[in-house]
Trainee: 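Right, I'll just put the structure down here and ask away after.
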Amino acid sequence: MYRSIPKSTGLSDHYRRNLEKGTILLQSCVPSAHIWHYPRPVCPECGSNNFSWIPASGRGTIASYTIVRHAPSAALKEELPYIVAMVDLKEGPRMTGTITGENALEVQIGDPIEVEILKDTSGQPGMPVFRRVSA
Amino acid sequence: MRDFYVNKVVISGVGESEIGRVKDKSGLDLCSDAALSAIANAGLKVKDIDGLLTSYCSTEPYFVFYGALAENLGLELDYGVTMTAGGGTAGMMINAAAMAIASGVAKNILIVAGENRASAMGSAATTQMLSAFSHPLYEGDGISVPAFYGMVAKRYLHENGLDRSHLAPIAVQSRANAARTPNAHKKDLITIEDVLNSRPIVEPLHLLDCCLISDGAGAVIVSRRDRENDLVEPPVYLAGIGEKFTHEHLTVAPDIVRPGANKAAKKAFDMAGITPSQIEFAQLYDCFTVTPAILTEELGFANIGEGWSMWSEGKAGIDGKFPINTHGGMLSHCHAGAAGGLLSIIECIRQVRGTQGDRQISKHDIGLAHTEGGIMSNHTTMIFTSSPL
């Protein structure tokens with residue numbers, strides 16, 4: 001890890017505590033109905049601070065991906081090749097993660113996926129993992 | 001808007017340091033060399049500089065980099081700041097300087113960007129620094145700048161039914177242009193096969209689709225318009241400029257491929273009162289081969305999905321109908337922090353002056369430069385002209 005991760009506070013702490021239980025929370029704007037990820041204090045569409053938290057279904061489709069063949073750090077060298085993908089959640093927001101499972105390297109844009117939150121060696125929730133599923 | 005500021009300034013000088021692997025110079029040395037070269041090029045004395053804008057300088061330990069550079073050059077300033085907006089800092093410094101000159105707070109503003117990233121940091125440390133581009137709270141640390149651009153490239157190719165061979169001519173043409181540029185980092189010619197066979201980094205992008213890691217610095221001086229008759233070299237005018245920021249993290253971008261470049265460009269074209277068809281050549285940000293391909297479309301030089309063909313059909317060559325990145329860009333000339341973008345602006349200014357000898361393009365009265373920072377997060381479009389529009 002190149003940089004230290006900031007301490008979770010307020011919105012990010014709420015998000016993280018739910019992530020530890022396996023739930024990805026999204027914010028839903030009351031006036032505009034816009035749904036967004038990641039946690040921020042006001043709606044990025046209309047600027048309202050009147051929002052509610054909703055759990056993500058964990059389903060979505062691949063918006064784009066890259067097969068990483070050159071590791072950005074020594075720690076990630078062992079993982080090569082790995083995939084970084086952007087996923088459009090069913091609810092609308094986009095998020096990044098890795099793709100695992102059989103034939104992960106055969107991923108295509110538009111593939112349906114399910115999100116899973118794995119714990120790292122210290123028991124902390126890590127980067128979201130996407131698994132390809134049948135449509 | 002034009003009368004409010006761009007019409008009140010003239011580009012009076014440009015300069016650069018030695019570029020490539022410059023082992024015996026620090027980032028501060030390179031920036032100082034570029035600054036002194038630009039001051040001489042403008043026909044000014046060091047003490048005539050009353051404003052200084054610098055980018056960040058990743059390889060130097062100074063807390064306030066513009067202060068360290070100003071002190072090194074013995075400057076007393078009426079206006080100065082270090083700006084940090086990634087590669088896009090270059091264009092944003094031009095805009096900030098123009099606004100500051102027009103407002104009257106300074107008369108001659110020196111703009112400098114540069115680092116000795118190749119010698120002081122090297123490839124591994126630079127790559128690791130650039131891996132910290134994902135959101136630290138919500139995304140992992142394995143998503144580097146190249147990985148984000150890999151996703152941009154994949155999406156661009158997917159949307160337009162292309163594959164990576166369509167981007168390869170961009171790298172080949174950049175190298176051919178750099179081979180004719182005296183101070184370029186990489187001059188050995190490459191072929192389409194070389195690009196296709198280079199090792200994969202973040203598929204679909206391979207090594208020769210990626211910009212260089214160089215040592216180098218560039219400098220530009222923006223002066224009050226009333227200096228236009230006192231210059232050493234032909235004056236260059238800023239006819240229009242526009243900025244647009246849309247996102248810090250790519251997941252939040254309004255579009256993975258086309259977030260904001262067209263909005264910045266529209267402001268620049270509106271300010272200049274011209275259309276893309278009147279632009280004679282362009283210097284486009286080229287951190288990866290896919291970036292200038294997208295920019296040709298976003299800036300109105302090519303139809304959506306067809307930007308890549310400007311290279312494969314030879315239009316983008318120095319002798320082509322619409323030369324692009326005539327010095328070789330960041331893919332082959334130099335990329336050192338925000339210097340890559342600034343050196344493309346400098347090349348635009350030099351070509352508009354018409355002073356580039358055997359690599360001078362034939363039509364050069366209206367040139368465009370475009371820089372961007374982050375993952376297509378901020379955009380600045382600049383239009384430079386040989387006479388006021």
Side-chain angles (χ1 to χ4, degrees), chain A residues 1-13 15-16 19 24-25 36-40 44-45 62-77 79-89 93-98 105 107-110 118 120 125-129, chain B residues 58 121 123-161 164 198-207 209-210 246-257 259 288 290 375:
Chain A
M1 198 171 290
Y2 176 71
R3 55 188 172 166
S4 57
I5 299 299
K7 185 174 155 52
S8 291
T9 53
L11 297 175
S12 62
D13 187 54
Y15 177 85
R16 189 151 189 96
L19 202 63
I24 295 169
L25 283 187
W36 71 94
H37 176 77
Y38 58 93
R40 279 163 282 167
E45 283 290 305
I62 301 287
S64 194
Y65 65 93
T66 178
I67 301 174
V68 180
R69 300 277 185 186
H70 179 87
S73 65
L76 285 163
K77 232 173 214 173
E79 310 285 332
L80 291 177
Y82 63 91
I83 297 176
V84 173
M86 296 178 76
V87 157
D88 288 335
L89 295 174
R94 195 164 268 166
M95 64 188 298
T96 54
T98 57
L105 292 179
V107 63
Q108 296 291 326
I109 287 174
L118 300 179
D120 64 19
M127 195 169 164
V129 169
Chain B
S58 315
M121 293 182 74
S123 173
T126 300
T127 309
Q128 186 154 3
M129 177 179 77
L130 296 177
S131 73
F133 252 69
S134 39
H135 196 297
L137 283 167
Y138 306 107
E139 298 178 304
D141 248 9
I143 316 180
S144 61
V145 171
F148 277 113
Y149 273 100
M151 290 191 276
V152 169
K154 182 70 200 176
R155 183 79 201 184
Y156 172 76
L157 297 177
H158 172 83
E159 285 180 0
N160 297 296
R164 70 183 194 88
S198 62
R199 67 189 167 89
I201 304 295
V202 280
E203 290 185 39
L205 301 174
H206 286 228
L207 185 66
D209 290 298
C210 304
T246 51
H247 61 280
E248 174 68 6
H249 298 98
L250 190 61
T251 52
V252 173
D255 188 274
I256 299 177
V257 175
F288 299 92
V290 70
I375 313 298

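Protein chains get the first letters and strands the later ones, always in sequence-line order, with residue 1 at the start of each.
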Trainee: Is chain B contacted by the side chain of A:P44, its backbone, both, or neither, given a heavy-atom distance below 4.5 Å?
Mentor: neither
Trainee: I need the minimum non-hydrogen distance between A:S64 and B:I256, along with the two atoms involved.
Mentor: CB-CD1, 4.4 Å
Trainee: Less than 4.5 Å to any heavy atom of chain A: does that hold for the side chain of B:F148, its backbone, both, or neither?
Mentor: side chain
Trainee: About how many Å separate OG1 of A:T66 and CD1 of B:I143, when rounded to the nearest 0.5 Å?
Mentor: 11.0 Å
Trainee: Let me know if A:A85 has heavy atoms under 4.5 Å from chain B in its side chain, its backbone, both or neither.
Mentor: backbone
Trainee: Applying side chain to side chain contact (heavy atoms under 4.5 Å, CB included), can you list everything that pairs with B:P204, at least two apart in sequence or on another chain?
Mentor: B:A153, B:K154, B:L157, B:R164
Trainee: Top residue by heavy-atom pair count (under 4.5 Å) with chain B, among A:A71, A:P39, A:P93, A:G97?
Mentor: A:P39
Trainee: Can you check side-chain contact (heavy atoms from CB on, under 4.5 Å) on B:H249 and A:T96, steps first, answer last?
Mentor: CA-CA 10 Å; B:H249 298 98; A:T96 54; over 6 Å; no
Trainee: Picking from B:A124, B:G150, B:P146, B:P200, which has the most non-hydrogen pairs under 4.5 angstrom with chain A?
Mentor: B:P200
Trainee: Quick check on B:V145 against chain A: is it the side chain, the backbone, both or neither that has a heavy atom closer than 4.5 Å?
Mentor: neither
Trainee: How close do B:R155 and A:I109 get, heavy atom to heavy atom, and via which atoms?
Mentor: NH1-CG2, 3.6 Å
Trainee: Is the closest side-chain heavy-atom distance between B:R199 and A:R69 below 4.5 Å?
Mentor: no
Trainee: Out of B:I201, B:V202, B:T126, which one racks up the most heavy-atom pairs below 4.5 Å with chain A?
Mentor: B:I201
Trainee: Is the shortest heavy-atom distance from the side chain of A:V84 to the side chain of B:M151 under 4.5 Å?
Mentor: yes
Trainee: Nearest heavy-atom pair of A:V68 and B:A147: which atoms, and what distance?
Mentor: CG2-CB, 4.5 Å
Trainee: To the nearest 0.5 Å, what is the distance between OH on B:Y138 and CE on A:M95?
Mentor: 11.5 Å
Trainee: A:Y38 and B:V252: side-chain contact (heavy atoms from CB on, under 4.5 Å), yes or no, with the steps?
Mentor: CA-CA 9 Å; A:Y38 58 93; B:V252 173; 3.8 Å; yes
Trainee: Is it the side chain or the backbone of B:L207 that comes within 4.5 Å of chain A heavy atoms, both, or neither?
Mentor: neither
Trainee: If I take atom NE2 from residue A:H70 and atom OG from residue B:S123, how far apart are they, to the nearest 0.5 angstrom?
Mentor: 5.5 Å
Trainee: Going from CD1 on A:I67 to CG on B:L205, what distance comes out if it is rounded to the nearest 0.5 angstrom?
Mentor: 12.0 Å
